[in-house]
2 protein chains.
Amino acid sequence: MTSDFEAQLRAVSLRVTRPRLAVLAALRDHPHVDTDTVIALVRADHPAVSHQAVYDVLRALTDTGLVRRIQPAGATARYEMRVRDNHHHVVCRSCSVIADVDCAVGNAPCLTASHDHGFVIDEAEVVYWGTCPDCLTRSEGIR
Amino acid sequence: MTSDFEAQLRAVSLRVTRPRLAVLAALRDHPHVDTDTVIALVRADHPAVSHQAVYDVLRALTDTGLVRRIQPAGATARYEMRVRDNHHHVVCRSCSVIADVDCAVGNAPCLTASHDHGFVIDEAEVVYWGTCPDCLTRSEGIR
DNA sequence: CCCTTTTCTGGAATGAATCAAGTTTTGTGA
DNA sequence: TCACAAAACTTGATTCATTCCAGAAAAGGG
């Protein structure tokens, strides 16, 4: 388990440190969590880790492509380990929960904009907005 | 021009005020601007308008669907008047410039997620990430 | 095992956005 | 046309995620 993370870190020539292993473990067990939650999860095992360390680690991991940063409008940044498989996300408008959605229409179509204005496009990100099952039943209860 | 905005505001039963007309005019002339720029543009004509007023106005306008809020990951919120026509955006990774892109694959396909996890999806948002022409030539200059 | 570089700690600072209290303005109904 | 209640605005403080900074600790190549 841990050695797996170790290999991943070395593969992108990052040093292997406790905070980094802890962050990776937290993300493996809890997909789509925000920074505060990562900090809490990391401190459950390693109370001495500073918030700054977590921010630094998350940046290092995203920069090297080991984790992916998701930041839906109006929510704080979230992170996940599923990477390089072109999947997308559904975001709940009321509680900001995120779930994974595999690409609806294959890979290529999503990536082809009709007119790119001269931009060199390297990624097409799709965010589905809606209401999650929990919030649905909750709003029915109110009614 | 202004009377047009007046009609739009009344159509969603919002009172017609100077700050609101000024914000609408700013957005008409400058698509995809962030809040600070809106404030600056508004103050060019009406120096007394507070930043809070602009925030309130932008919220009122987005809530009523008159303008659309765009918030690409890692950038501050931006606003535009083009609304209800299912278009998407290209965002430059280095300078965060935004350009419009008409829906690449029609309306329906974009909106159909393969597995919705029980979410009720009401919108599919597509963000194309890349590099804008300006930043491209600039980086070539460095090389 | 030592040394250089990277990373981490602790604390302060930034900046977009929001909150709060009191004043002004809008638009309706007399 | 005028008065009044609701909505909107001003001013100023506050929150909160994120970043900056300086010094201490740890990683790993030699």
Side-chain angles (χ1 to χ4, degrees), chain A residues 2-3 5-24 26 32-43 45-64 66-67 69-79 96 98, chain B residues 2-3 5-24 26 32-43 45-64 66-67 69-79 96 98:
Chain A
T2 304
S3 58
F5 293 146
E6 215 178 304
Q8 286 189 55
L9 287 170
R10 291 192 199 283
V12 293
S13 54
L14 283 180
R15 293 191 176 174
V16 179
T17 66
R18 277 172 201 292
R20 285 178 178 168
L21 295 174
V23 167
L24 286 170
H32 311 135
V33 286
D34 59 29
T35 312
D36 265 3
T37 309
V38 175
I39 294 174
L41 289 167
V42 167
R43 285 185 179 160
D45 287 331
H46 308 276
V49 173
S50 67
H51 71 123
Q52 187 57 49
V54 175
Y55 274 98
D56 285 349
V57 169
L58 286 172
R59 164 169 312 213
L61 295 179
T62 17
D63 285 352
T64 52
L66 250 47
V67 312
R69 181 193 177 109
I70 322 162
Q71 193 171 15
T76 57
R78 280 130 202 283
Y79 299 85
S96 293
I98 297 179
Chain B
T2 305
S3 58
F5 293 147
E6 215 179 304
Q8 286 189 54
L9 287 170
R10 293 193 199 282
V12 293
S13 55
L14 282 180
R15 294 191 175 174
V16 179
T17 66
R18 276 172 204 291
R20 285 178 179 169
L21 294 174
V23 167
L24 285 171
H32 312 134
V33 286
D34 59 28
T35 310
D36 264 3
T37 310
V38 175
I39 295 174
L41 289 166
V42 167
R43 284 185 179 160
D45 287 330
H46 307 276
V49 174
S50 67
H51 72 123
Q52 186 58 46
V54 174
Y55 273 100
D56 286 348
V57 168
L58 287 172
R59 165 172 307 215
L61 295 179
T62 18
D63 285 352
T64 53
L66 250 48
V67 313
R69 180 193 176 110
I70 322 161
Q71 193 171 12
T76 57
R78 280 130 202 283
Y79 299 86
S96 294
I98 298 179

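Throughout, protein chains are lettered first and strands after them, A, B, ... in sequence-line order, and every chain is numbered starting at 1.
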request  = Indicate whether OP1 or OP2 belonging to dA17(C) is found under 4.0 Å from a side-chain N or O atom of Thr76(B).
outcome  = no

query = How about Leu24(A) and Val57(A): do any of their side-chain heavy atoms sit closer than 4.5 Å?
reply = no

request  = Report the nucleotide, chosen from dT10(D), dC9(D), dT18(D), that has the shortest atom-to-atom distance to any side-chain atom of Val49(B).
outcome  = dT10(D)

Rounded distance in Å - CD (Gln52(B)) to P (dG12(D)) = 13 Å

inquiry  = Mind checking if Ala48(B) touches a base, just sugar-phosphate, or nothing, with heavy atoms under 4.0 Å?
reply    = sugar-phosphate

message = Nearest whole Å is fine: how far is dT14(D) P from Tyr55(B) OH?
response = 18 Å

query = With a 4.0 Å cut-off on heavy atoms, is Ser50(A) in touch with a base, just the backbone sugar-phosphate, or nothing at all?
reply = base

task = Send over the distance from Leu24(B) CG to dA8(D) P, rounded to a whole Å.
result = 13 Å

request  = Working to the nearest 0.5 Å, report the span between CD1 of Ile70(B) and CD1 of Ile98(B).
outcome  = 4.5 Å

ask   = DNA chain C: Leu14(B) or Arg69(B), which has the more 5' nearest nucleotide?
value = Arg69(B)

query = Once you round it to whole Å, what is the distance between P of dT18(C) and CG of Asp56(B)?
reply = 9 Å

query = Once you round it to whole Å, what is the distance between C1' of dT18(C) and CD1 of Ile39(B)?
reply = 13 Å

ask   = Between atom CG in Leu58(A) and atom P in dA17(D), what is the gap in whole Å?
value = 14 Å

message = So does Arg59(A) get a backbone contact from the side chain of Thr62(A), meaning a donor-acceptor N/O pair under 3.5 Å?
response = yes

ask   = Going by heavy atoms in the side chains, are Val12(B) and Asp63(B) under 4.5 Å from each other?
value = no

message = Let me spell it out: for each of Arg59(B) and Arg10(B), pick the nucleotide of DNA chain C with the closest heavy atom. Which residue's pick is nearer the 5' end?
response = Arg59(B)

request  = Would you mind classifying the nucleic acid contact of Arg18(B) as base, sugar-phosphate or nothing, using non-hydrogen atoms under 4.0 angstrom?
outcome  = nothing

query = Do Arg15(B) and dA6(D) have a side chain to base donor-acceptor pair shorter than 3.5 Å?
reply = yes

key: dC9(D) OP1/OP2 closer than 4.0 Å to side-chain N/O of Thr17(B)   = yes

ask   = With side chains defined as the heavy atoms from C-beta onward, is the minimum distance between Thr35(B) and Thr76(B) less than 4.5 Å?
value = no

task = Measure the distance from NE2 on His51(A) to C1' on dC8(C) and round it to the nearest whole Å.
result = 11 Å

query = Separation of Asp34(B) atom CG from dA16(C) atom P, in whole Å?
reply = 8 Å

